[in-house]
Protein chains: 2
Amino acid sequence: MASRTRRAERREEPLSRERIVEAAIALLDTAGEGGLTFRALSERLATGPGAIYWHVTGKDELLLAAADAVVTGSMSAGAAGPADATPQDAIRALALGVFDAIDAHPWIGTQLARTPAQSPLLRVFEGLGRQVRALGVPHAAQFTAASALLNYILGVGGQNAANARAHHPAGSRTEFLETAAAAWAALDPEEYAFTRDVAAQLRDHDDRVEFLAGIDLILGGITADR
Amino acid sequence: MASRTRRAERREEPLSRERIVEAAIALLDTAGEGGLTFRALSERLATGPGAIYWHVTGKDELLLAAADAVVTGSMSAGAAGPADATPQDAIRALALGVFDAIDAHPWIGTQLARTPAQSPLLRVFEGLGRQVRALGVPHAAQFTAASALLNYILGVGGQNAANARAHHPAGSRTEFLETAAAAWAALDPEEYAFTRDVAAQLRDHDDRVEFLAGIDLILGGITADR
DNA sequence: ACCTGAACACCGTTCAAGT
DNA sequence: ACCTGAACACCGTTCAAGT
């Protein structure tokens, strides 16, 4: 009956690819990765599931378009930055933009990790590459440097999405890290000597700080032999 | 009828978690990520789909166990190495072990990217951390260094899996890169100046070499300020 | 204790039929 | 041209019933 009312209100505007993608993002944000269903989506759009196929070829394309829209939005928001920023700062800002987008929409972490370097990621790659070039990296090494940065960002994104999936149903992030750190501390002292030893760091670390520290390691390697 | 024969032959050994995981790996390798189905799996094991649930709690656990088995196998194969290797070499060997495992079984790339730092990855993390420590990294920075390496490895793994998915149905890897490079070269000259410029590197690069170059960038950053 | 396989509650996608 | 919604061919998972 709630859906009946919404149905009546909503149906002024016609269906469009844009409205479908928008509704898909809302669904993914509220109901998670498993919540995006052509049935749920069509109900929200007050239509039948088949109608969606007129504007979108299938679920894969829809997921890609949704991730694309979010990443594009996050880049135009953060990419500006101060004009006198160093290339390092510009790279950090770019990376944080993707990081924060994944933090706000965990499902794109999974999505980007399974997307080949196509549409949504290409803009990020381009942005990273320009700054790599601005760092004075020789031409032959630019592809490697930009790729390394992007791959690292994607790896963290996937991990973050996995962690969000792991703790969101159960409780807070702090509890989750507490539990994970306790599990690390209880590992076999011989077989997992190192992991046990850094369990406290797992518990106390700040995701953003840690992420940027990793970026800085790569930046350090890129600029090491100048 | 082929399945009838197999059914008759196979059914001497009883069902076990180990046999189920083994069959799941075989199915994933031959039929891809979409090929792992409880129905297909139960047919291969000459039983009903319900029987599998006696040994395994569900599909998620099965996928995790399959990835775990492959990674564990690949680590015991490659982790030995020469005893006098430098920490850098040991890290490269470890990283290449995971890389090659993903190359041989692309589905674990997707799987690992969505696994939080649990079972299969914990052994990799431990191995990386020990070598980080052997590099003389101060205690407070060890967690960051090992995490950065692992996240980079996972990012590349996810990308490789995505690429394998993208080109396997159509044709060879070379053709795929050729097409992708051509697409890059045809991008807008203003908006994608950098990406266009490195299109040739995309076409000619060697995945393993590029992967190791990224590892070396991070290693460079880790050891830069010693 | 372990296995069987029918049944349940879903999916993504297609397609004849409507406007 | 665009939408509708029933129907198809699947899924993962459960569970009464068997041995």
Side-chain angles (χ1 to χ4, degrees), chain A residues 3-4 6-28 30-67 107 110-111 114-115 165 169, chain B residues 3-4 6-28 30-67 107 110-111 114-115 165 169:
Chain A
S3 77
R4 184 64 89 55
R6 195 198 294 140
R7 183 181 257 262
E9 294 177 59
R10 276 266 187 168
R11 240 23 239 295
E12 272 103 80
E13 325 126 75
L15 218 48
S16 70
R17 190 187 154 91
E18 199 190 8
R19 280 192 59 220
I20 292 172
V21 170
E22 189 188 315
I25 292 173
L27 210 42
L28 286 160
T30 56
E33 307 178 38
L36 181 61
T37 290
F38 275 78
R39 276 166 245 268
L41 192 58
S42 64
E43 202 197 338
R44 210 184 247 266
L45 292 165
T47 181
I52 297 167
Y53 285 87
W54 186 263
H55 299 93
V56 155
T57 61
K59 193 171 186 180
D60 284 347
E61 196 205 306
L62 182 55
L63 238 14
L64 200 78
W107 52 272
T110 318
Q111 190 50 33
R114 35 181 300 131
T115 303
R165 226 181 357 253
Chain B
S3 77
R4 186 62 89 55
R6 196 200 292 140
R7 183 180 258 261
E9 293 177 59
R10 275 265 187 169
R11 237 23 237 296
E12 272 104 80
E13 325 126 74
L15 218 48
S16 69
R17 190 186 154 91
E18 199 191 7
R19 281 193 57 221
I20 292 172
V21 170
E22 190 188 313
I25 292 171
L27 211 42
L28 285 161
T30 56
E33 307 177 41
L36 180 61
T37 289
F38 276 77
R39 276 165 244 268
L41 192 58
S42 65
E43 202 197 340
R44 210 185 247 266
L45 292 165
T47 181
I52 296 167
Y53 286 87
W54 186 263
H55 299 93
V56 156
T57 61
K59 193 170 187 183
D60 284 346
E61 196 206 305
L62 183 55
L63 237 15
L64 199 78
W107 52 273
T110 318
Q111 190 50 33
R114 33 182 300 131
T115 302
R165 227 182 355 253

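The chains referred to below are lettered A, B, ... by the order of the sequence lines, with proteins before strands, and numbering in each begins at 1. Bear in mind the structure is a predicted one, so any value in this text is a computation, not a measurement.
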Counting only side-chain N and O atoms of A:Trp54, is one of them less than 4.0 Å from OP1 or OP2 of D:dC2? yes
In whole angstroms, how far is the C1' atom of C:dC3 from the CG atom of B:Leu41? 15 Å
For D:dT14, which nucleotide in any strand shown is its Watson-Crick or wobble partner with both distances under 3.5 Å? C:dA6
List every contact pair, protein side and nucleotides 12-14 of chain D side both N or O, where the distance is under 3.5 Å.
unit_1	atom_1	unit_2	atom_2	d
D:dG12	OP1	B:Leu36	O	3.4
D:dG12	OP1	B:Lys59	NZ	2.7
D:dG12	OP2	B:Phe38	N	3.1
D:dG12	N7	B:Arg39	NH2	2.6
D:dG12	O6	B:Arg39	NH2	2.7
D:dT13	OP2	B:Tyr53	OH	3.0
D:dT13	OP2	B:Lys59	N	3.0
D:dT13	O5'	B:Tyr53	OH	3.1

Does any nucleotide pair with D:dA1 by Watson-Crick or G-U wobble geometry, both distances under 3.5 Å, and what is it? C:dT19
Using atom CD of A:Glu43 as one end and atom C1' of D:dG5 as the other, report the distance to the nearest whole Å. 14 Å
Which residues pass the salt bridge (Lys or Arg N to Asp or Glu O under 4.0 Å) test with B:Arg39, not counting sequence neighbours? none
Does a side-chain heavy-atom distance below 4.5 Å link B:Leu63 with B:Thr115? no
Can you work out whether A:Ala51 or A:Gly34 has the more 5'-proximal nearest nucleotide on DNA chain C? A:Gly34
Please report, rounded to the nearest Å, how far the P atom of D:dC2 is from the CZ atom of A:Arg19. 14 Å
Less than 4.5 Å apart, any side-chain heavy atom of B:Arg165 and any of B:Thr110? yes
A:Arg19 backbone acceptor or donor facing A:Ser16 side chain under 3.5 Å: yes
Closest approach of B:Tyr53 to B:Gly58 (non-hydrogen atoms, all atoms of both residues): CE2-CA, 4.1 Å
Show the distances under 3.5 angstrom between N or O atoms of the protein and N or O atoms of nucleotides 17-19 of chain C.
none

